[in-house]
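All values derive from a computational prediction rather than experimental measurement. These numbers come from the heavy atoms of this one structure, side chains and all, not from hydrogens, waters or symmetry mates.
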Amino acid sequence: MVERVSQAQRTITVALAGQPNVGKSTVFNLLTGLSQHVGNWPGKTVERKTGIHQHNGTIMRIVDLPGTYSLTANSLEERIARDYIIKERPDVVVAVADATALERNLYLVAELLSLPVPVIVALNMIDVAEQQGLHIEPHVLEAALGLPVVPMVATKGRGLTELVEAIARLAQGEVAYAPSRPRIREDHRAVLEELERLIADAVPEPYPNDWVALKLLEGDEELTRMIREQLAPERWEEVHSILRRHEDAVLAVAGGRYEWIGRMVRAAVTRPRAGQISLTERLDRVAAHPVWGLGLLLGVLGLVFFLTYAIGSPLQGLLEAHLVRAGADWAARLLAGAPAWLVGLVANGLIGGVGRVLTFLPILLVFFAAFGFLEDLGYMARAAYVMDRFMHRMGLHGKSFLPLFLGFGCNVPAVMGARVVEGERARLLTILVAPLVPCTARMAVLAFLVPIFFGRASTLVSWGLVAFNLLILVLLGIGLNKLVFRGERAAFIMELPLYHIPNLRTIGLFVWRRTAAFIRRAGTIILAVSVLIAALAALPSGELGSSYLAAIGRFLAPLGALMGLGWEMMVALLTSFVAKETAIATLGVLYGAGAGGEAGLAGILGSLLAPSAALAFLVVEMLFIPCAATVATIRQETGSWRWTLLDVALLLVLSLAMGLLVYQGARLLGWGT
Amino acid sequence: MIRDTQVPLSALPAGEVGLVRALTGGRGLVARLAALGFIPGTEVMMLQNFGRGPLLVAVRNTRVALGRGEAARIWVSRKRG
């Protein structure tokens, strides 16, 4: 009886490790279902996912480690993963491996095996491997490795029960665990032993002595610093001179691991005949080609945008008409006797704010779904590869293209997506230029204003404005890279996964996580700023014309005059800080288009504004300071107010300067006045 | 007879196979390349190399995209039969 109770309370911790794109998230979702908790690693911008799995009275706490190729302290992710394993000592580490790239994936396993935790290999995508003619014998591999190997097809839920049972058995010590561990290449074994001896009494808990010695030989900066601080100066000199004499030892360590991998897979894997051209290779002849690939990419982008607006816009209109306006009317009726400023605050601020977030969703959902589809297909890596030669000019590399592309949907996920970019500088630069990608909100302003002033040339002007934004993005990137980052460039090294048929669950998860992040971040901030601006617009009298907001606008009028813009237009720009498309709603109120709706506003604007001034307004609006949600996300992701404010100031100056230039230039040429 | 000439990987034409001989460059880069399997003695096949921009190689049964600068740090001997 007593035993039963203690068994029921048994809790074990299971960490999931694995390289990127091996289906680790799918395994995590299968294990944890709805019990997931998503947060951040303490003090880091890397996502931390945990969850619970119950099995025969055992509670398994599942921790999803960041995807990493190895456990060297090269990146934030790698540091987090190894620190967790060393300091928290999970009961079991499950290494999720992609069966189609077994050798590469076993590299991480080789690294894990030098840490003092029991390891299970979850051999995922075994079906895809079979399709490619790659035959793997899990039992043979298991015998060679000396640890449990569980074949899986995570996308179909296959192998999950076996995995859970293997975890439980290993945690309870029911299986023999005697892994074959990789060793450093023979020519460096004596050096490694010498190092181990020298640092033996200086390695702090809980670091394993032999592992630290190995990492020193690999040139690991973090651990080198730690040992230098721990050792007496003479002893450190000894260690340091050994390390200097063996600077190439990293190749002996990695070489030793690959020799071990070679032994492990030799008997377990049968490869297809050499010379067989795979589907991936054939597709890449087009998709990764510098000319055809670029053409294909443009076509794909065009299709994505077409789908996004063809499906998203009508839905957006429906939501706007039936939900948001109805809500505002309802609130106005409810507050019939209340003071005007209160009505404004509730109807415009609160309901308007919620509405803004809500009406964004259809477009974002479709865009994210398209992006997730392309990513899961394996295409996005090719897009990054094709774009690398262009991103280079900005001191960025191909991977930065992915978050920037996401920015066409919304800048918030673009800034967050910059996490995939390796190298602090490249990541920061990507974040700083991301707000210049014209998001769906700015496209909405464009779609409304351009036809009023440019008639048949509308399409041309719209494309011109988008192209202009991207041109400024490139120029700003080049400038920042030269001036601030002094031309430093991060290395571009990226694995191109095999193409495979996209999995609906994976795409769904991609959409869900991006959308949830948008609602969490953007939602709350848009709402808060909406209320603030509505308060400024309604106080003190309830009349917008005499409100604080109008006073600010009039104060800015002289600046506006230089661009041919009245104070109303300046207020509209200011309120676009809430969310870019708020500008139109503001204009509607300021020009009293109330009853006429957008059509009425169009008429008023058309008669009030010269085309040159309208163009200046559009240029400024497109380049203007990022919306509040984006600013907050930049702050969060850079962890620095200095960079955030620098970016905002840069964009402010840039946008106003460009607006001025466009207006004055047009006047000089005698056009559109 | 096989002639052995060492060239940077970036100079290997598409379709040719090279044997990795040495890695140069910073420790961080060398560690990353080594983790991906670019280790002396490893065969690398050039899949795509247009003389400019990034290139595409096959190493240890995976396809890896490399910047030209990174590929220039990997020295290979051309395999000619």
I'd like to know if [X] pairs up with [Y] as an ion pair, taking the criterion as any Lys NZ or Arg NE/NH1/NH2 lying under 4.0 Å from an Asp or Glu carboxylate oxygen.
X       : Y       : result
E259(A) : R266(A) : no
D220(A) : R82(A)  : yes
E111(A) : K215(A) : yes

Can you tell which of [options] has the highest number of heavy-atom pairs within less than 4.5 Å of chain B?
options                            : value
S70(A), A288(A), A110(A)           : A288(A)
D284(A), T100(A), L498(A), V250(A) : D284(A)
E247(A), R104(A), H289(A)          : R104(A)

Applying a strict 4.5 Å limit to non-hydrogen atoms, the region of E103(A) in contact with chain B is side chain
Most contacts with chain A, counted as non-hydrogen pairs under 4.5 angstrom, among A34(B), A58(B), G25(B): A34(B)
Top contributor to chain A contacts, counting heavy-atom pairs under 4.5 Å, from V30(B), L33(B), V64(B): V64(B)
Whatever's closer than 4.5 Å to a heavy atom in chain A on L29(B) counts as side chain
Indicate whether the side chain of R73(B) and that of T24(B) have a donor and an acceptor atom separated by less than 3.5 Å. no
Could you check whether H397(A) and H392(A) have their ring centres less than 6.0 Å apart? no
Do Y258(A) and Y107(A) have ring centroids that are under 6.0 Å from one another? yes
